[in-house]
Amino acid sequence: SVMALTPNSQLDTLLPYLDDEDMYVQERACDVLGHHRYVPAKEKLEIVAKQGMHNGKSAAARALSRIRQQEWQNKQS
């Protein structure tokens, strides 16, 4: 997927894909944002986790878990 090649500086360009009607596109966007632990996507990921399509919900939950883990580690430092 081309999304995986998105540089950190342009991760915000993936946010519209969280609203995509294709559940696989939505899932992949969540996965990539979670992989990078992209905190600015947290609010949108919370919405997808509650209201998204099946694949999107589980991927958003995984992404949020990774982001929260990173936030927790940052607090410990």
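The chain is numbered in sequence order, starting from 1.
- Although no hydrogens or angles enter the test, the distance criterion places no donor-acceptor pair under 3.5 Å between the side chain of Glu27 and the main chain of Gly56.
- Side-chain heavy atoms closer than 4.5 Å link hydrophobic residues (I, L, V, M, F, W, Y) into clusters, and following such links, possibly through other members, connects Val39 to Val48.
- Closest of all the heavy-atom pairs between Ala63 and Gly34 is CB-CA, 3.5 Å.
- Asp12 approaches Ser9 most closely through the heavy-atom pair OD1-O, 4.0 Å.
- Within the model, atoms OG1 of Thr13 and CE of Met3 stand 9.5 Å from one another, a figure rounded to the nearest 0.5 Å.
- Within the 4.5 Å cutoff, no side-chain heavy atoms of Tyr38 are placed close to those of Val32.
- Separating the CZ atom in Arg28 from the NE2 atom in His35 is a distance of 9.0 Å, to the nearest 0.5 Å.
- With values rounded to the nearest 0.5 angstrom, Arg62 atom CZ is found 12.5 Å from Ile67 atom CD1.
- Annotation: side chain of Lys44 is in contact with side chain of Asp19 (closest heavy-atom distance under 4.5 Å).
- Separating the CD atom in Gln51 from the NZ atom in Lys57 is a distance of 8.5 Å, to the nearest 0.5 Å.
- For CD of Glu21, the number of neighbouring non-hydrogen atoms (other residues, nucleotides, ligands) closer than 6.0 Å is 12 at most.
- To the nearest 0.5 angstrom, Met23 atom CE is 13.0 Å from Cys30 atom SG.
- A donor-acceptor pair under 3.5 Å is formed between the side chain of Gln26 and the backbone N or O of Met53.
- Put simply, the residue from Arg66, Gln76, Lys42 that forms a side chain to side chain contact (heavy atoms under 4.5 Å, CB included) with Glu71 is Lys42.
- Leu14 contributes atom CG, which lies 5.0 Å from atom CG of Leu33 (distance to the nearest 0.5 angstrom).
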